[in-house]
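Structure first, then comments.
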Amino acid sequence: MNHTQITITLKLFAAYQEAYKVPELQLTLCEGTKVSQLLETIISQHPELEKWRNVTKFGINLNFVPPETILKDRDEVVLIPPVSGGLNKFRI
């Protein structure tokens with residue numbers, strides 16, 4: 001089966017940046033990948049991030065999005081863990 005590949009930029013913050021030791025990653029994924037599946041991949045590579053799974057918000061191209069959002073080629077994605085005094089005022 002021929003799967004089309006997409007490339008995204010993943011911006012890392014807080015615990016995610018600490019785990020990867022870089023501020024961003026360029027990733028190649030299969031077309032049709034959901035942002036929640038990207039989080040699964042990140043957690044599988046760094047199991048210490050498991051504790052952030054249920055509290056992480058997703059952003060694509062500067063907009064908050066639900067977990068089932070499909071990624072597109074050249075998207076800029078952020079995984080946003082809770083931050084002290086931070087994003088609680090934002091709503092999806």
Side-chain angles (χ1 to χ4, degrees):
M1 192 181 292
N2 187 7
H3 291 288
T4 303
Q5 301 285 298
I6 62 168
T7 301
I8 61 131
T9 300
L10 176 62
K11 302 272 188 182
L12 301 169
F13 297 98
Y16 294 105
Q17 190 174 113
E18 290 169 25
Y20 279 89
K21 310 277 192 255
V22 293
E24 68 179 47
L25 300 169
Q26 296 289 323
L27 300 174
T28 301
L29 307 168
C30 289
E31 188 175 57
T33 299
K34 297 177 185 174
V35 71
S36 59
Q37 292 171 303
L38 175 59
L39 179 59
E40 294 299 320
T41 300
I42 296 301
I43 291 172
S44 73
Q45 292 175 356
H46 287 274
E48 70 274 18
L49 297 170
E50 173 66 37
K51 64 184 173 183
W52 303 110
R53 175 192 307 269
N54 295 326
V55 292
T56 295
K57 304 286 187 214
F58 303 102
I60 298 177
N61 303 327
L62 303 177
N63 295 300
F64 282 109
V65 298
E68 63 274 6
T69 303
I70 304 279
L71 296 167
K72 297 183 185 78
D73 194 40
R74 296 188 297 223
D75 274 348
E76 183 176 277
V77 181
V78 293
L79 301 176
I80 308 164
V83 215
S84 172
L87 299 168
N88 293 336
K89 62 187 174 186
F90 291 95
R91 298 282 178 239
I92 293 177

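Keep in mind that what you see is a predicted model, and the values were worked out from it rather than measured. Values below: every heavy atom of this structure, side chains too, minus hydrogens, waters and symmetry copies. Index from 1, following the sequence.
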Is there a side-chain contact between Leu49 and Thr56 in this structure, where contact means two heavy atoms from C-beta onward sitting under 4.5 Å apart? no
If you compare all heavy atoms of Pro81 against all heavy atoms of Ala15, which two are closest, and at what distance to 0.1 Å? CG-N, 4.4 Å
Do Tyr20 and Ile42 touch side chain to side chain, with heavy atoms closer than 4.5 Å? yes
Of all heavy-atom pairs between Gln37 and Gly32, which one has the smallest distance, and what is that distance? OE1-O, 4.0 Å
Can you check side chain to side chain contact (heavy atoms under 4.5 Å, CB included) on Thr7 and Asp73, steps first, answer last? CA-CA 5 Å; Thr7 301; Asp73 194 40; 4.0 Å; yes
From His46 atom NE2 to Glu18 atom CD, the distance as rounded to the nearest 0.5 Å: 12.0 Å
Sorted by chain and number, sequence neighbours left out, side-chain contact (heavy atoms from CB on, under 4.5 Å) with Ile70 holds for Lys34
What's the spacing between Leu29 CG and Ile8 CD1 if we round to 0.5 Å? 5.0 Å
Mind checking whether Thr41 and Leu27 have side chains closer than 4.5 Å, heavy atoms only? no
Please examine the side chains of Phe64 and Thr69, heavy atoms only from C-beta on, and report whether any two atoms are closer than 4.5 Å. no
How long is the span from the CD1 atom in Ile80 to the CH2 atom in Trp52, to the nearest 0.5 Å? 13.5 Å
Measure across Glu76 and Leu62 and return the closest heavy-atom pair with its distance rounded to 0.1 Å. OE2-CD2, 4.5 Å
In terms of heavy-atom contacts, Thr28 and Gln5 come closest through CG2-OE1, 3.2 Å
Connected via hydrophobic side-chain network under 4.5 Å: Val55 and Val35: yes
Under the rule for side-chain contact (heavy atoms from CB on, under 4.5 Å), what residues qualify as partners of Thr9, not counting sequence neighbours? Lys11, Glu24, Gln26
Once rounded to the nearest 0.5 Å, what's the spacing between atom CG of Asn61 and atom CG of Asp75? 4.5 Å
Output all residues satisfying side-chain contact (heavy atoms from CB on, under 4.5 Å) with Glu40, sequence neighbours left out; order by chain, then residue number. Arg53
Distance (rounded to the nearest 0.5 Å) between Leu25 CG and Leu12 CG: 4.5 Å
If you round to the nearest 0.5 Å, how far is CG of Leu38 from CG of Leu79? 5.5 Å
Verify side chain to side chain contact (heavy atoms under 4.5 Å, CB included) between Val77 and Phe58, making sure each step is shown before the conclusion. CA-CA 7 Å; Val77 181; Phe58 303 102; 5.9 Å; no
